[in-house]
There are 2 protein chains.
Amino acid sequence: MSTPETEEQPMSATAPEGYDATAYPPFAVTVDLAIFTVRDGALKVLLIERADDPYAGAWALPGGFVEIDEDIPDAAWRELHEETGIDRFAGHLEQLGTYGTPGRDPRMRVVSVAHVAFAPDLPDPEAGSDARTARWFDVDDLDLPGLQGSHADADVALAFDHAIILADAVDRVAAKVEYTPLATSFVPEQFTLGELQHVYEAVWGTRLDRSNFRRWVKDSTGFVHPAAGTDRRRTAGTGRPAALYTADADGPTTLTPPFMRPADARARRPTQETS
Amino acid sequence: MSTPETEEQPMSATAPEGYDATAYPPFAVTVDLAIFTVRDGALKVLLIERADDPYAGAWALPGGFVEIDEDIPDAAWRELHEETGIDRFAGHLEQLGTYGTPGRDPRMRVVSVAHVAFAPDLPDPEAGSDARTARWFDVDDLDLPGLQGSHADADVALAFDHAIILADAVDRVAAKVEYTPLATSFVPEQFTLGELQHVYEAVWGTRLDRSNFRRWVKDSTGFVHPAAGTDRRRTAGTGRPAALYTADADGPTTLTPPFMRPADARARRPTQETS
DNA sequence: CCAAAAGTGTTCTCAGTACACCCATGT
DNA sequence: ACATGGGTGTACTGAGAACACTTTTGG
């Protein structure tokens with residue numbers, strides 16, 4: 001942790017040798033969330049429209065202050081619930097990274113712990129729920145730094161450094177579905193293999209061979225299994241009804257072998273070297 | 001970012017509706033570093049011995065306060081330099097994650113942005129350099145949560161939540177060498193393929209087939225190439241001298257195909273789901 | 001001569017790829 | 001009938017795994 005190594009190492013001018021517990025540089029700490037869902041075959045992210053300055057009228061990731069006695073994950077789950085109504089454990093939430101460049105918020109020094117959340121297709125946020133607009137955006141319609149395939153509609157300007165955070169978040173999602181069963185977080189509890197395949201195709205922006213996809217999924221241990229009890233089938237428009245599957249609850253957290261996306265799929269941006 | 005969404009979302013009691021720029025919960029922000037090197041065929045991490053309470057006598061990751069006008073990567077590089085003398089760009093440094101559970105530092109609310117650094121074999125830290133002990137520890141000699149192979153010598157107690165951070169850091173290192181050329185950050189500028197193989201073996205805690213390793217390395221594009229100019233060879237004790245190689249400077253940041261560690265290698269712990 | 005490490009080649013196997021074909025349903 | 005998507009099987013190919021053998025040095 002970040003134990004103030006008082007006499008062990010020279011502190012900055014703001015926290016000198018004989019410091020007392022209040023003599024440290026005071027930061028504001030917030031959480032920001034990139035909340036993803038897959039819908040209409042596309043990867044969507046939830047953005048809210050800012051009503052006030054700075055960046056009034058711009059779109060931003062939902063987020064807010066961490067309370068002084070609140071753990072960071074708790075703050076993230078709280079924000080997620082406030083924005084989407086998703087209950088704890090009904091979705092997946094993980095830390096993405098921390099963004100704290102001085103000046104990123106013009107008002108004060110803010111360090112934001114960004115998070116990524118996945119959820120099955122969610123309803124449209126209720127516009128009037130708290131006087132502010134919120135919308136699902138197709139990720140490909142946003143102009144994100146370092147991401148190809150952006151046929152940027154970009155009349156959507158993102159506030160603060162949220163374009164960077166969101167680009168990192170998209171990379172994270174694409175990478176995680178490769179070696180974890182997290183793709184199942186994007187589909188309802190019971191799902192068809194076709195639906196699951198659509199998740200991969202949306203996240204990676206590529207097309208997969210149906211036959212090989214099925215074989216890989218069914219050969220992966222601890223990933224999915226035929227839906228218990230009612231072995232019914234579900235229709236998805238036209239065509240033959242599909243068998244239903246469920247995610248293995250006790251499955252491993254990393255898939256072996258991983259499902260590698262084809263090399264031509266959406267390029268992975270490297271982890272930011274902090275240089 | 002974490003823009004305080006003033007009227008957009010209800011703030012906590014500490015940052016209520018009509019807040020002013022000073023009315024936010026004040027946090028201390030620090031950086032902690034897990035600095036790794038490979039030596040004697042083992043993965044080593046640099047720890048410092050705490051002289052004072054809390055956790056006097058315990059070992060801890062080096063770290064310190066972020067200054068109020070200092071960017072987080074700058075603070076991490078500064079700490080790295082103070083601890084090891086490594087200059088910017090002479091090693092690899094990246095953000096690992098942020099740890100901010102209330103009470104992790106008994107004195108105040110501290111949020112620490114942990115980092116991972118790789119460097120070639122470094123000299124022993126000078127004990128007298130600033131009155132405090134610092135040592136390289138074999139990672140396998142530490143008792144880290146969720147990591148197998150710990151024949152824990154564990155008379156070494158880690159301060160704060162540093163055991164958790166360090167365990168996460170070890171995972172990160174193991175995962176990164178799989179799909180990035182970062183293993184070359186652990187060896188000198190000119191190195192033999194045997195030395196490079198030792199890095200993988202140390203990080204993964206496994207043995208690799210020499211022949212297959214060479215083939216994979218040489219077939220990977222943008223990874224290594226024969227040492228320029230002097231095509232000399234270097235001896236490593238006894239045996240035939242080996243050809244020298246250099247990392248491709250302009251290489252890709254992700255290797256294709258990745259070099260998968262064998263399934264029996266040190267298990268990867270999943271990304272912490274923030275639940 | 002022997003040990004140790006570098007360097008080269010060869011076989012075997014299995015997973016990913018591509019593709020062909022049948023099945024069940026809606027219109 | 002035909003379009004649409006589900007479901008199954010098969011042949012091809014290339015990369016990883018295992019292992020045998022040669023080369024160059026120090027002792």
Side-chain angles (χ1 to χ4, degrees), chain A residues 38 40-41 177-179 187-188 190-202 204 206-221 223-227 231-246 254-265, chain B residues 40-41 177-179 187 190-202 204 206-221 223-227 231-246 254-265:
Chain A
V38 170
D40 308 325
V177 293
E178 246 182 2
Y179 60 92
V187 290
Q190 302 211 336
F191 53 89
T192 69
L193 294 187
E195 290 167 341
L196 189 61
Q197 181 175 344
H198 288 330
V199 170
Y200 282 88
E201 291 177 335
W204 288 343
T206 190
R207 295 247 130 216
L208 300 172
D209 182 275
R210 205 162 32 86
S211 175
N212 297 329
F213 180 80
R214 307 181 123 269
R215 185 155 47 86
W216 170 72
V217 168
K218 300 175 85 170
D219 287 353
S220 294
T221 58
F223 189 14
V224 304
H225 58 87
D231 54 340
R232 4 164 199 134
R233 337 190 121 234
R234 174 208 280 175
T235 173
T238 178
R240 173 176 174 175
L244 288 177
Y245 289 83
T246 315
T254 110
L255 292 176
T256 42
F259 189 38
M260 300 297 292
R261 68 191 119 168
D264 63 308
Chain B
D40 308 325
V177 293
E178 247 181 1
Y179 60 91
V187 290
Q190 301 210 336
F191 53 89
T192 70
L193 294 187
E195 290 167 341
L196 190 61
Q197 182 175 343
H198 288 329
V199 170
Y200 281 89
E201 290 178 337
W204 289 343
T206 189
R207 295 246 129 215
L208 300 173
D209 182 273
R210 209 162 30 84
S211 176
N212 297 329
F213 180 81
R214 304 182 126 267
R215 185 155 47 86
W216 170 72
V217 168
K218 301 175 83 171
D219 287 354
S220 293
T221 58
F223 190 13
V224 304
H225 58 86
D231 55 340
R232 2 165 201 132
R233 337 189 120 236
R234 173 207 281 175
T235 172
T238 178
R240 173 176 174 176
L244 289 176
Y245 290 82
T246 315
T254 112
L255 292 176
T256 41
F259 188 38
M260 299 298 290
R261 68 191 120 168
D264 63 308

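Computed from a predicted model, the values in this text were never measured in an experiment. Residue numbers start from 1 in every chain, and the chains themselves are labelled A, B, ... in the order their sequence lines are given, proteins ahead of strands.
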List the atom of [X], the atom of [Y], and the distance in Å for their closest heavy-atom pair.
X: A:V224; Y: A:F191; answer: CG1-CZ, 3.7 Å
X: A:Q190; Y: A:E195; answer: O-OE1, 4.3 Å
X: A:V38; Y: A:A202; answer: CG1-CB, 4.0 Å

Calculate the interatomic distance between [X] atom [atom1] and [N] atom [atom2]; express it in whole Å.
X: B:D219; N: D:dG14; atom1: CG; atom2: P; value: 13 Å
X: B:E195; N: C:dA6; atom1: CD; atom2: C1'; value: 12 Å
X: B:L208; N: D:dA18; atom1: CG; atom2: C1'; value: 13 Å
X: B:R214; N: C:dG7; atom1: CZ; atom2: C1'; value: 5 Å
X: A:R240; N: C:dC21; atom1: CZ; atom2: P; value: 18 Å

Any chance you could measure B:L196, atom CG, to B:F223, atom CZ, to the nearest 0.5 Å?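 Reported to 0.5 Å precision, the distance equals 5.0 Å.
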
Is there a side-chain contact (heavy atoms from CB on, under 4.5 Å) between A:K218 and A:L193 once you walk through the steps? CA-CA 10 Å; A:K218 300 175 85 170; A:L193 294 187; 4.2 Å; yes

In terms of relative ring orientation, are A:W204 and A:Y200 parallel, tilted or perpendicular, with 30° and 60° separating the classes?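 Because their plane-to-plane angle is over 60°, the rings of A:W204 and A:Y200 count as perpendicular.
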
Between C:dA24, D:dG26, C:dG26, spot the one nearest the side chain of A:T238, thanks.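 Closest nucleotide among those given: C:dG26.
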
Under a 4.0 Å heavy-atom criterion, the protein footprint on nucleotides 13-18 of chain C, written with B, S and -, is ---BBB

Strictly below 4.0 Å: does B:K218 bring a side-chain N or O up to OP1 or OP2 of C:dG7? no

B:H198 or A:R210: which one's nearest nucleotide on DNA chain C is closer to the 5' end?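 Of the two residues, B:H198 wins.
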
